[in-house]
Amino acid sequence: MVTSDVRVRYAPSPTGTPHVGNIRTALFNWLFARHHAGKFIVRIEDTDQERRVEGAEEAILDSLRWLGLDWDEGPDTADGPFAPYVQSQRRQLYQDAAERLIESDDAYRCYCSSARLDALRERQTKRKAPTGYDRKCRNLSQEERAEVEASGAAPVVRFKTPLTGKTTFEDAIRGLVTWENRLIDDFVLLKSDGFPTYHLANIVDDHEMRISHVFRADEWLASTPRHVLLYAAFGWDPPIFAHMPLILGADRSKLSKRHGAVALLDYSEQGFLPDAMLNFLALLGWSLDDKTTVMSREDLVNGFTLDRVVASPAIFDVEKLSWINGVYIRELPTDQFAEAALPFLTSGLPGDVPRPLDWSYTREVCELVQDRARTLHEITELADFFYTGGVEFPLALVWVGMGDKQLKRRVDEGADLSDEPVPEDAPVVTGWLEAAERRLIELDREWTAERVEEALRSLVPEIDSSTRKLFGALRVALTGRTAAPPLFETMEVLDRAICLERIGRALDRLREGHQRQRIDSAKATPTSD
RNA sequence: GGCGCAUUCGUCUAGUGGCCAAGGACAUCGCCCUCUCAAGGCGAAGAUCGCGGGUUCGAAUCCCGCAUGCGCCGCCA
């Protein structure tokens, strides 16, 4: 691959932990850079001292690292060609730039108080007039200027936006976008605390850092004309702009905290795989062709082109993410899957399960649940019965396991079966399980799935049961649930002693339950009246 | 209120004037496989391409208007 002049950047503000929309923008930048063998730069835009959040910068970098988006220059590359990559450390640059603009008469100092500005905005809103600065300080005379300066008010620097004409630029995704200059007010470049606003710092840095393409979220489209005007005032060539469609919540509004998990790292905690997330995020606003969904990192890099990025916003669909995640989970080599699962099991299993978890046992368990998990987080509930001392279940669940339609429907409807009377045919079922127990006791060496299956299968015709019923009953007795990994593999992993113990326990409860019912019905039988 | 951007199955999307009475994927439903659940296979249902005008022999695709949604209009980014 040849290196190109492509230099793109991800420029977040450290105001919190980045959400998926934000990271999707980073991803498209990264994909573009890698596709063109260019550079991907991370620049921290911390010019707002008040919104600064402790630890946010690390959260940003961690998010990028989790997804595997590596950067060529960034806050941690002190020796980068354009270091530092943190705006608060580059203040002089912006101040000099602002000064230049004042000298060339493209900017001016404004002494208006926030109170005045607030009142102004309020009046404009009330009149339903467009809001914006009224340019009071734009043409101050020498005397007026001297007067306000003497009062000690700390000024801001504002851009002297052209009063007439139009600003046009080509957005790589949306085409030609035109703005009337008279609609753009004299925006602030340098705040009274000496820090630059986004508009100034962004332009200065993008120019200084030789950024070739600016890919950012759609919400920036409306301020791009200002940026174009600034480039012109400085006499610089603007980069190519491309505004990415927004990512929306299920209710079509901009993704925010009330939509639940929105931070990228929340998904890491929920057991989503970085590669799956990468794949999914890439498909939000971009497509390779008319049919490809699952793509490797390499496919993504090779196939990513700007002309296939759409302009309309997309809803974040966790269902599809989960599906893709399942695909990636299934593709993992078992060892890798087990390794990924281990921390989730360790933290998710009940406290009385001894830690650390046995590795080789966990690996066997993971082999059985791998195909069934859509997230790593789910593994705990899929596999807990492999670890807990015993299993608990309402006795009637055995019948659900055997395929009792009525009971099954009630369970599906959320019914609690704990007080459900034991069905009439309990003695028959008890007999089956007793036969199974005897058969398994005879199987005193070589406890493998094959041998267990052979033993149990041959039993079925002998006791006049069916595979569905016998195996279903055993499944509930052994796992406490009606849906679980294949029975015989499960039994092999669980091992003989545990299986026998659980079957024995189920049998005890079955006899006891049936017994009690007979007593109850005897009691209930009216002897008089 | 002004300005801007967007508008194809529930969702993500394909589509750049005829190959589209619109293709794929997720979700949904059905069947097969089967010891259950998954996975897998097969199939169904689901979009008068926001609406209305135009241009054209022909429009989801081009133009205009409207509607709706979203974004911006801060000494926030």
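In what follows, chains are A, B, ... by sequence order, proteins preceding strands, each numbered from 1. Every heavy atom of this structure was used, including side-chain atoms; hydrogens, water molecules and symmetry mates were not.
- Applying the 6.0 Å contact sphere to NE2 of A:H377 captures no more than 12 heavy atoms from other residues, nucleotides or ligands.
- Nucleotides B:rC35 and B:rG43 are separated by 26 Å at their C1' atoms, to the nearest Å.
- Between the CG atom of A:L368 and the C1' atom of B:rA39 there is a distance of 14 Å, given to the nearest Å.
- Distance check on atom C1': B:rU34 versus B:rC42 gives 16 Å, rounded to whole Å.
- When each of B:rA27, B:rC75, B:rC5 is scored by its nearest atom to the side-chain atoms of A:D218, the top-ranked nucleotide is B:rC5.
- Of the candidates B:rG71, B:rC12, B:rG4, the closest approach to any side-chain atom of A:L284 belongs to B:rC12.
- Annotation: B:rC49 and B:rA21 have their P atoms spaced 13 Å apart (nearest Å).
- Whole-Å rounding puts the A:D290 CG to B:rC49 P distance at 21 Å.
- Within the nucleic acid shown, A:G403 has no heavy atom closer than 4.0 Å to any nucleic acid atom.
- Residue A:T482 is in base contact, counting any heavy-atom pair closer than 4.0 Å across all strands shown.
- Using a 4.0 Å heavy-atom criterion, one finds that A:A311 contacts the sugar-phosphate atoms exclusively.
- Comparing atom distances between the A:A483 side chain and each of B:rA25, B:rC37, B:rC73 picks out B:rC37 as nearest.
- Looking at heavy-atom distances under 4.0 Å, A:R121 makes contact with sugar-phosphate atoms alone, never a base.
- Between A:W220 and A:H227, the ring planes are tilted. Angles from 30° to 60° get that label.
- The side chain of A:D48 lies closest to B:rC76, out of B:rA14, B:rC35, B:rC76.
- A cation-pi arrangement is present between A:R91 and A:F195 under the rule of less than 6.0 angstrom and at most 45 degrees off the ring axis.
- Residue A:R457 places its side chain closer to B:rC35 than to any other of B:rC35, B:rG71, B:rC37.
- Residue-level contact check: A:L487 touches the bases, meaning some heavy atom is under 4.0 Å from a base atom.
- Note: A:R135 CZ to A:T161 OG1 = 5.5 Å, rounded to the nearest 0.5 Å.
- Both tests pass for A:R158 against the ring of A:Y133: distance under 6.0 Å to the centre and angle within 45° of the axis.
- At whole-Å resolution of the value, OH in A:Y133 and C1' in B:rC73 are 17 Å apart.
- Annotation: of the two residues near RNA chain B, A:P245 and A:T293, the 5′-most nearest-nucleotide partner is A:P245.
- With salt bridges taken as basic N to acidic carboxylate O contacts below 4.0 Å, one links A:R439 and A:E462.
- Nucleic acid contact class of A:V310 (heavy atoms, under 4.0 Å, all strands): sugar-phosphate only.
- Of the listed nucleotides (B:rU36, B:rA14, B:rC5), B:rA14 has the atom at the smallest distance from the side chain of A:R308.
- Nucleic acid contact for A:V188: sugar-phosphate only, since backbone atoms but no base atoms lie under 4.0 Å from a heavy atom of the residue.
- Candidate nucleotides B:rC26, B:rA77, B:rC75 were compared by shortest atom distance to the side chain of A:D317, and B:rC26 ranks first.
- At a threshold of 4.0 angstrom between heavy atoms, the contacts of A:C112 include nucleobase atoms, whether or not backbone atoms are also involved.
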Discussion item. ring-ring contact (aromatic ring centres under 6.0 Å, His included), that's the test. Do A:H199 and A:F187 meet it? Break it down for me.
Written reply: CA-CA 9 Å; A:H199 305 301; A:F187 54 97; 5.3 Å; yes
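- Rounded to whole angstrom, the span from the CG atom of A:L120 across to the C1' atom of B:rC73 amounts to 13 Å.
- A:M491 has its side chain within reach of A:W447: a pair of non-hydrogen atoms, C-beta onward, lies under 4.5 Å apart.
- Using a 4.0 Å heavy-atom criterion, one finds that A:R330 contacts the sugar-phosphate atoms exclusively.
- Remark: P of B:rG1 and CZ of A:R123 are 21 Å apart, rounded to the nearest angstrom.
- Within the 4.0 angstrom heavy-atom criterion, only backbone atoms of the sugar-phosphate kind lie near A:G132; the bases stay farther away.
- If you take atom P in B:rA14 and the same atom in B:rG23, they sit 15 Å apart, rounded to whole Å.
- Rounded to whole angstrom, the span from the CH2 atom of A:W179 across to the C1' atom of B:rC5 amounts to 8 Å.
- Judged by atom type and distance alone, A:R468 does not reach the base of B:rC35 through any side-chain donor-acceptor pair under 3.5 Å.
- Between the P atoms of B:rU11 and B:rG50, the separation comes to 13 Å (whole Å).
- The interatomic distance linking A:I247 (CD1) with B:rG69 (P) rounds to 22 Å, in whole Å.
- Comparing the P positions of B:rG10 and B:rA6 gives a spacing of 22 Å, expressed to the nearest Å.
- A donor and an acceptor atom never sit less than 3.5 Å apart when one is taken from the side chain of A:K291 and the other from the base of B:rA25.
- One N or O donor and one acceptor, one from the side chain of A:S192 and one from the base of B:rC75, sit under 3.5 Å apart.
- Nucleic acid contact for A:F488: base, since at least one base atom lies under 4.0 Å from a heavy atom of the residue.
- The P atoms of B:rC70 and B:rC12 are separated by 15 Å, rounded to the nearest whole Å.
- Here A:P485 lies in heavy-atom contact (under 4.0 Å) with a base.
- Of the listed nucleotides (B:rC70, B:rC35, B:rC75), B:rC35 has the atom at the smallest distance from the side chain of A:E489.
- Here, B:rU48 and B:rG30 have their P atoms 25 Å apart, quoted to the whole Å.
- Relative to the side chain of A:P313, the nucleotides B:rA6, B:rU11, B:rA25 differ in distance, and B:rA6 lies closest.
- A:T47 comes within contact range of the sugar-phosphate backbone alone, with a heavy-atom separation under 4.0 Å but no base atom that close.
- A:K408 has a carboxylate O that lies under 4.0 Å from a charged side-chain N of A:D412, or vice versa, which qualifies the two as a salt bridge.
- Rounded to an integer number of Å, the gap from NE2 of A:H199 to C1' of B:rC76 is 9 Å.
- Of the two residues near RNA chain B, A:R226 and A:L176, the one whose nearest nucleotide lies more 5' is A:L176.
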